[in-house]
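Presented below is the structure to which this report refers.
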Amino acid sequence: MTGDAEEALARVRAICLALPHAAERLSHGAPGFFLNIGKNGGKFFGYFWNDHHGDGKVALLVKTSGREEQTMLVDMDPDFYFVPPYLGPSGWVGMRVDQDTTDWERVADRAAMSWEMVAPRRLLAERG
């Protein structure tokens, strides 16, 4: 991993692990962020990808409400958002975190929205 990718991972890790009950584990060789609750270890809300299959992108992948929102995000800002392989058909979207212009507030907001999509109601109520 290059220094830029390591720095991006550190920032993504700080954002994701600041969310309630969030934890990290490798998933298919990449850092994944999930809710650490329940018997099954919870659901993933984010994945960090670094040059996945040589695509040259460093990104955080997050859930969206579905293909309509995914399309809207990519159409709105195709330099930042992209449809990732494998998870894209399920409505996930990638956010480039390897650019000098990366808006880390936007990354944090989308990570929080993805977290909310997998969180059980009781956690949502606790969070407000």
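Note: hydrogens, waters and symmetry copies are ignored here, and every other heavy atom, side chains too, is used. Quick caveat: nothing in here was measured; it's all calculated off a predicted structure.
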Determine whether V58 and D4 satisfy the following criterion, side-chain contact (heavy atoms from CB on, under 4.5 Å), listing intermediate values before the conclusion. CA-CA 9 Å; V58 179; D4 289 344; over 6 Å; no
Derivation of the side-chain contact (heavy atoms from CB on, under 4.5 Å) call for V12 and F33: CA-CA 10 Å; V12 164; F33 302 95; 3.8 Å; yes
Distance-minimising heavy-atom pair for P89 and P84: CD-O, 4.3 Å
Spell out, as yes or no, whether a donor-acceptor pair under 3.5 Å connects the side chain of Q70 to the backbone of V93. no
For D51, all residues meeting side chain to side chain donor-acceptor pair (under 3.5 Å), sequence neighbours excluded: none
Tell me whether the guanidinium CZ or amine NZ of R13 lies under 6.0 angstrom from the six-membered ring centre of F48 and within 45° of its axis. no
Pairwise distance CE(M113) to OG1(T64) - rounded to 0.5 angstrom: 10.5 Å
Check: S114 side chain, K63 main-chain N or O, donor-acceptor pair, under 3.5 Å: yes
From CD (E105) to CD1 (I15), nearest 0.5 Å: 10.0 Å
Please enumerate all residues that pass side chain to side chain donor-acceptor pair (under 3.5 Å) together with H53, with sequence neighbours excluded. Y86
Hydrophobic cluster identity match, M95 and M76, side-chain contacts under 4.5 Å: yes
Between E24 and L17, does the side-chain contact (heavy atoms from CB on, under 4.5 Å) criterion hold? Intermediate values first, please. CA-CA 8 Å; E24 177 182 345; L17 295 180; 4.0 Å; yes
Determine, for F82 and K57, whether the Lys NZ or Arg CZ falls below 6.0 Å from the six-membered ring centre while staying within 45 degrees of the axis. yes
Between A111 and L60, the two heavy atoms sitting closest are CB-CD2, 4.2 Å
Is the backbone of R67 close enough, under 3.5 Å, to the side chain of T71 for a donor and an acceptor to pair up by distance? yes
Considering only heavy atoms from C-beta outward, does the side chain of F44 approach that of R25 to under 4.5 Å? yes
How long is the straight-line distance from CZ of F34 back to OH of Y47, given to the nearest 0.5 Å? 10.5 Å
Taking W92's backbone N and O only, do any of them form a donor-acceptor pair with S90's side chain (distance below 3.5 Å, no angle check)? no
State, yes or no, whether a side-chain contact exists between Y81 and V62 at a heavy-atom distance under 4.5 Å. no
Straight-line distance of H52 NE2 to L61 CG, nearest 0.5 Å: 8.5 Å
Straight-line distance of L123 CG to E116 CD, nearest 0.5 Å: 11.0 Å
Between K43 and I37, is any pair of side-chain heavy atoms under 4.5 Å apart? no
How close do P120 and L35 get, counting heavy atoms only, and between which atoms? CD-CD1, 4.0 Å
Who pairs with D77 by side chain to side chain donor-acceptor pair (under 3.5 Å), at least two apart in sequence or on another chain? R106
Straight-line distance of F45 CZ to M117 CE, nearest 0.5 Å: 12.5 Å
Minimum heavy-atom separation for N50 and A5, please, with both atom names. OD1-CB, 3.6 Å
Any side-chain heavy-atom pair of Q99 and T102 under 4.5 Å: yes
Using 4.0 Å as the upper bound for N to carboxylate O, is an ion pair formed by D98 and R96? yes
Between D75 (side chain only) and M72 (backbone N and O only), is there a donor and an acceptor less than 3.5 Å apart? no
